[in-house]
Number of protein chains: 2
Amino acid sequence: MENLLSNIKIQVNEKVYLKDPDSSELGQKIIRGSIDLIDEIGFEQFTFKKLAADIGSTEASVYRYFDSKHHLLVYITLWYWGWMEYRLAFGLTNISSPEKRLKKAIKILTEVIEEDSTFSHVNEIKLNRIVISESSKIYHCKTVDEENTAGFFHAYKNLVQRVSDIIIEIDPEYKYPHMLVSTIIEGAHHQRFFAEHLPRLTDVIEGEDAITVFYQNMALGQLKK
Amino acid sequence: MENLLSNIKIQVNEKVYLKDPDSSELGQKIIRGSIDLIDEIGFEQFTFKKLAADIGSTEASVYRYFDSKHHLLVYITLWYWGWMEYRLAFGLTNISSPEKRLKKAIKILTEVIEEDSTFSHVNEIKLNRIVISESSKIYHCKTVDEENTAGFFHAYKNLVQRVSDIIIEIDPEYKYPHMLVSTIIEGAHHQRFFAEHLPRLTDVIEGEDAITVFYQNMALGQLKK
DNA sequence: GCAAATATAATAGTAATACTATCATAAAAA
DNA sequence: TTTTTATGATAGTATTACTATTATATTTGC
């Protein structure tokens with residue numbers, strides 16, 4: 001992805017962190033190091049102690065930024081949703097046909113991620129892998145309602161709403177726009193994971209991005225014009 | 001669900017447990033107690049110590065059946081997939097039209113679960129809630145490839161294959177049958193979870209089971225006859 | 001009916017995890 | 001230059017996720 005803006009910052013809900021990791025060098029090292037380490041060993045094996053060793057800091061210092069590894073995972077996931085919304089906003093400008101806009105939106109949401117040099121402390125390829133394999137853990141937990149009340153999922157809801165609006169523009173009678181969009185987003189993550197680890201649960205097709213094509217067909221096929 | 005057979009046992013891959021929990025009273029108490037406790041406090045908070053206290057046994061005794069709580073979650077999830085395949089097999093007999101069979105299959109896979117008195121040591125309603133909120137953790141972990149090699153996911157693959165076969169019967173040219181089926185199964189779980197906890201990510205409609213209807217329309221809409 | 005095998009309970013112990021607390025020092029801001 | 005703030009260094013705790021050992025109760029084989 002080309003560098004679109006040089007001074008943009010993805011905002012993440014303030015309640016997720018104790019101290020904004022974007023505000024200091026150590027904070028940025030925590031984010032960069034976490035993305036590297038979670039991608040490498042998985043969220044269950046990931047600890048603040050291992051992270052601190054990796055980035056040359058201490059466990060106690062990491063705890064000054066996040067009060068748990070769960071919140072750190074929430075942070076990087078919300079950052080990802082914020083980044084996706086930014087990609088969508090840019091990707092959809094100047095496309096007047098709502099069908100084309102929807103198709104492009106689905107492509108942006110489901111395609112394989114390439115590195116984005118705009119945000120130097122984030123490796124978007126690793127981040128995408130983490131979101132695919134780990135991010136559902138941020139809501140599949142007993143604290144989900146509390147976290148929802150705290151507004152943690154606004155970024156995700158905004159993204160879903162933005163695409164739902166395009167769907168309603170195409171077919172104002174359509175009854176399930178949010179269901180359709182969240183099915184596409186979550187579904188694409190699952191299919192990418194299955195393609196890598198459990199291929200008999202999906203259909204990998206040589207020479208085409210079957211996942212993106214599948215969800216584009218699915219969405220357009222559902223809507224009347 | 002009425003009692004279809006009185007002497008049926010859902011088989012679970014032997015590598016998942018150290019000793020078959022179905023073979024003893026304690027084993028059955030472990031399963032029943034786990035389903036109650038995981039449903040109540042969530043998988044992260046669940047420990048063998050708490051479980052042992054609940055069922056009046058000891059931590060060490062539970063460890064004789066399962067070598068980790070992860071394997072116990074795998075066990076109850078595989079039991080659930082086995083149970084679903086049994087429900088599918090019964091639910092689809094004597095329906096000759098493949099379209100009707102597919103519709104019925106999607107209903108069985110996505111509808112709200114009612115208790116099944118055939119298996120007395122399993123509360124299917126709680127089990128369904130656990131599968132919805134926790135089961136993706138059995139493959140979203142770094143050991144997924146190993147566990148796949150051990151055959152843990154056969155039950156799930158069989159289920160997906162069984163429904164894919166109906167799809168191919170309807171439209172032999174259709175390119176994404178497995179993707180469609182796994183999208184429906186996983187999607188329905190997500191949508192049920194969202195309806196409960198994050199309703200703005202889905203569309204709850206009074207008086208209709210929107211989730212089942214949505215996925216039925218989605219599937220039939222994709223296929224040419 | 002008794003010995004042998006097996007299953008469970010009771011208890012103890014360990015390394016790692018997920019934190020919290022304290023204090024010293026270095027760097028930045030007032 | 002003083003004060004605040006950020007980080008590092010170190011220590012400590014309760015809990016978790018196990019493993020090991022021994023005693024006792026129950027079942028099975030003969």
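The separation between Glu59(B) atom CD and dT15(D) atom C1' is 11 Å, rounded to whole Å. Glu25(B) has its CD atom 11 Å from the P atom of dA9(C), to the nearest Å. Summarising the geometry, the separation between NE2 on His70(A) and C1' on dT17(C) is reported as 17 Å, rounded to the nearest angstrom. The interatomic distance linking Phe66(A) (CZ) with dT17(C) (P) rounds to 20 Å, in whole Å. The distance between atom CG of Leu72(A) and atom P of dT17(C), rounded to the nearest whole Å, is 16 Å. Here dT19(D) presents its P atom at 11 Å from CZ of Phe48(B), a figure rounded to the nearest Å. Distance Leu18(A) CG to dT20(C) P: 9 Å, rounded to the nearest Å. Distance CG (Asp67(B)) to P (dA17(D)): 13 Å, rounded to an integer number of Å.
The aromatic rings of Tyr156(B) and Trp81(B) sit parallel, their planes meeting at an angle under 30°, below the 60° perpendicular limit. By the 30° and 60° cut-offs, the orientation of the rings of Tyr86(A) relative to Phe90(A) is perpendicular. Aromatic ring pairs are classed by plane angle as parallel below 30°, tilted from 30° to 60° and perpendicular above 60°; the pair Trp83(A) and Trp79(A) is parallel.
You'll find the side chain of His178(B) reaches within 4.5 Å of the side chain of Gln161(B), heavy atoms only. When side chains are defined from C-beta on, Leu201(B) does not count as touching Glu186(A), because their heavy atoms never get closer than 4.5 Å.
For dA10(C), the OP1/OP2 oxygens have no side-chain nitrogen or oxygen of Thr58(B) closer than 4.0 Å. In terms of phosphate contacts, Lys69(B) brings a side-chain nitrogen or oxygen within less than 4.0 Å of OP1 or OP2 of dA17(D). Between Ser61(A) and dG8(D) there is a side-chain polar atom (N or O) within less than 4.0 angstrom of OP1 or OP2. Look at Ser24(B) and you'll find a side-chain N or O under 4.0 angstrom from OP1 or OP2 of dT8(C). The side chain of Lys19(A) contributes no N or O atom lying less than 4.0 Å from OP1 or OP2 of dT5(D). Between Lys49(A) and dC19(C) there is no side-chain polar atom (N or O) within less than 4.0 angstrom of OP1 or OP2. Residue Thr47(A) places no side-chain N or O under 4.0 Å from the OP1 or OP2 atom of dA16(C).
Listed nucleotides: dA20(D), dT8(C), dT17(C). Nearest to the side chain of Tyr65(B): dT8(C). In this structure, the nucleotide among dA10(C), dA18(C), dT19(D) sitting nearest to the side chain of Tyr63(B) is dT19(D).
No contact: Lys29(A) has no heavy atom under 4.0 Å from any strand. Contact annotation for Gly27(A): no contact, since no heavy-atom pair falls under 4.0 Å across all strands.
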